[in-house]
There are 2 protein chains.
Amino acid sequence: MQDTAQKPAPERAYEAVIAKIRVMIEEKNLGPGDTLPPERQLAEIFNVSRHSLREAIRVLQEKGVLSARQGSGNYIQSATRGDLMRTLAVTTNTGSRRALEIFQLREIMEPQLAALAAEMGEARHIEMLEAILDKQGQTSDGIELRKLDHEFHETLAAATGNATLYELAQNINRSLLPPKTKIYDNRERQVISLEGHKRIVDAIKNKDVEGAKAEMRAHIARVKSTVF
Amino acid sequence: MQDTAQKPAPERAYEAVIAKIRVMIEEKNLGPGDTLPPERQLAEIFNVSRHSLREAIRVLQEKGVLSARQGSGNYIQSATRGDLMRTLAVTTNTGSRRALEIFQLREIMEPQLAALAAEMGEARHIEMLEAILDKQGQTSDGIELRKLDHEFHETLAAATGNATLYELAQNINRSLLPPKTKIYDNRERQVISLEGHKRIVDAIKNKDVEGAKAEMRAHIARVKSTVF
DNA sequence: CTTATTGAATTGGTTGCACCAATATTGACT
DNA sequence: AGTCAATATTGGTGCAACCAATTCAATAAG
């Protein structure tokens, strides 16, 4: 067991602090130029160590929400209150949650990529997809299969004819699964993956736009359930 | 005197550490899934306290470069070279073909962002959206309106609660329209934009998931037709 | 010999305190 | 009043200890 295991995601101290700072900014109606209370005092108020407090401040600094002046104070930076609130509205996502976020992005994009591929797909793209399916059926090496899975989804994006979508798909894939993960060592997953890919390619070959979308949606759902 | 004058900006310890970590990743040719040396050891190597080292690691975490697992280690998430947003960040504005591609990306994503916002949207997000509508109705300055349009779509992405989607939306917006574009000087477009936004917010307020999706789709279609 | 178990060692998470460095404030002196 | 030096305040850094989750190896059980 060494997936990208997802635990209940315990909230880190600095994350709680960021949330509290956001509330404070809203309640005290602070805007650009205003200063936060001193760190020692904030740590006291929020009941955390100054270290944890400073982690939160660093993050907000790096996001452009705050700026620190040694000897003076921490100042609210964002150009407008709108920028400030928007940034604070989504703040903070630790590694594990990020994986879920990227998965959500994938759920949004991939079914429509499949649909577009079915609509636009040229012969050469379909051939490439089928070649990948072949290889996928002939190996059982986990590393190789993960690679082929990436290839499949990227090729599908390429089949849309939209270079931007292709590049984005590449980055999504590579962000989602670290190369060494062994989730493909599981025989059951191998079958699920291959079956799903086959159905998708079939739909694309038949130029079945809605079918391709549905199959991809189902495929992602299945993969997701085996991962989490 | 309260002038905003900034000194030569003395480099903070954590900034130096971030740079050194990046160099280390490069030199040791580390990729996603690999782990960094333990914090105590890194602090020793870089000659800083663990506190400063951890500030650096936190920042890299928030940027999605690292992910931490207590009891295990700090893992490289996405290589510095292959950041998720790179695609759109770099390319900004290369011909009309690119513009069309990004528009297509927008057609794929935004309706689902609206749907998610309707499903997840908290009160504060809806308030922000309505505040933007107000401003939009009160000005007719082209530059200002373009800015508000961006704010609207970015706030909507923020309302999904997914920071990755928010970042992506930011990049899409900025890639699609150069800051100076005056397409909002056209009175007709102003009306179309405001009307569309209102309908979308209404649907979100009513938690009408399908309605939000449909309204956004229609909105994008209208905007597209006025642009091309 | 293989598989569980358990307990020590490792590693990130948090806290507290002390001290440094830059800035702000006070107050004595002219 | 104005100047300027002493003092207090505030962010920046370091050290050391302890907590909590994980890893890993020694050991016991089958």
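Convention: sequence-line order gives letters A, B, ...; per-chain numbering from 1.
Between the side chain of Arg58(B) and the base of dG13(C) there is no donor-acceptor pair of N/O atoms closer than 3.5 Å. The base of dT14(C) lies close enough to the side chain of Arg50(B) for a donor and an acceptor atom to sit less than 3.5 Å apart. No donor-acceptor contact under 3.5 Å links the side chain of Arg54(A) to the base of dG11(D).
Counting only heavy atoms from C-beta on, Arg12(A) has its side chain closest to dG13(C) among dT23(C), dT23(D), dG13(C). Taking the side chain of Ser49(A) as heavy atoms from C-beta on, and the options dG12(C), dT15(C), dT22(D), the nearest nucleotide is dT15(C). You'll find that the side chain of Ala68(A) is closest to dG11(D), out of dG11(D), dT13(D), dT15(C). In the set dT22(D), dA22(C), dG12(C), dA22(C) carries the atom at the smallest distance from any side-chain atom of Gln70(A).
Between the C1' atom of dG11(D) and the OH atom of Tyr14(B) lies a distance of 13 Å, rounded to the nearest Å. Protein atom CG of Leu66(B) is 11 Å distant from nucleotide atom P of dG12(C), rounded to whole Å. Summarising the geometry, the separation between CG on Leu53(B) and P on dC15(D) is reported as 13 Å, rounded to the nearest angstrom. A straight line from OH of Tyr75(A) to P of dG11(D) spans 9 Å, rounded to a whole angstrom. Between the P atom of dT14(C) and the CD1 atom of Ile57(B) lies a distance of 13 Å, rounded to the nearest Å. Rounded to whole Å, the distance from CZ on Arg69(B) to C1' on dT11(C) is 12 Å. The nearest whole Å value for the distance from the CD atom in Glu39(A) to the P atom in dG16(C) is 15 Å. Per the geometry, CD belonging to Glu11(A) stands 17 Å off C1' belonging to dG12(C), to the nearest Å.
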His219(A) and Glu215(A): side chain to side chain donor-acceptor pair (under 3.5 Å), yes or no, with the steps?
CA-CA 6 Å; His219(A) 174 60; Glu215(A) 289 296 346; over 6 Å; no
Audit row: Asp83(A), Arg86(A), salt bridge (Lys or Arg N to Asp or Glu O under 4.0 Å) steps and yes/no:
CA-CA 5 Å; Asp83(A) 288 341; Arg86(A) 194 147 17 83; 3.0 Å; yes
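The structure places CG of Leu168(A) at 7.5 Å from CD1 of Ile172(B), a figure rounded to the nearest 0.5 Å. Taking CD from Glu151(A) and CG from Leu129(A), the interatomic distance works out to 10.5 Å, rounded to the nearest 0.5 Å.
The backbone N or O of Val59(B) sits nowhere less than 3.5 Å from a side-chain atom of Glu62(A) that would complete a donor-acceptor pair.
Of the two residues near DNA chain D, Pro37(A) and Ser72(B), the one whose nearest nucleotide lies more 5' is Pro37(A). Across the interface with DNA chain C, nearest-nucleotide mapping of Arg40(A) and His51(B) shows His51(B) to be the residue nearer the 5′ end.
Put simply, Ser52(A) has no side-chain N or O that comes within less than 4.0 Å of OP1 or OP2 on dG13(C). For the OP1/OP2 pair of dG12(C) and a distance below 4.0 Å, the side-chain nitrogens and oxygens of Asn74(B) include at least one atom meeting the criterion.
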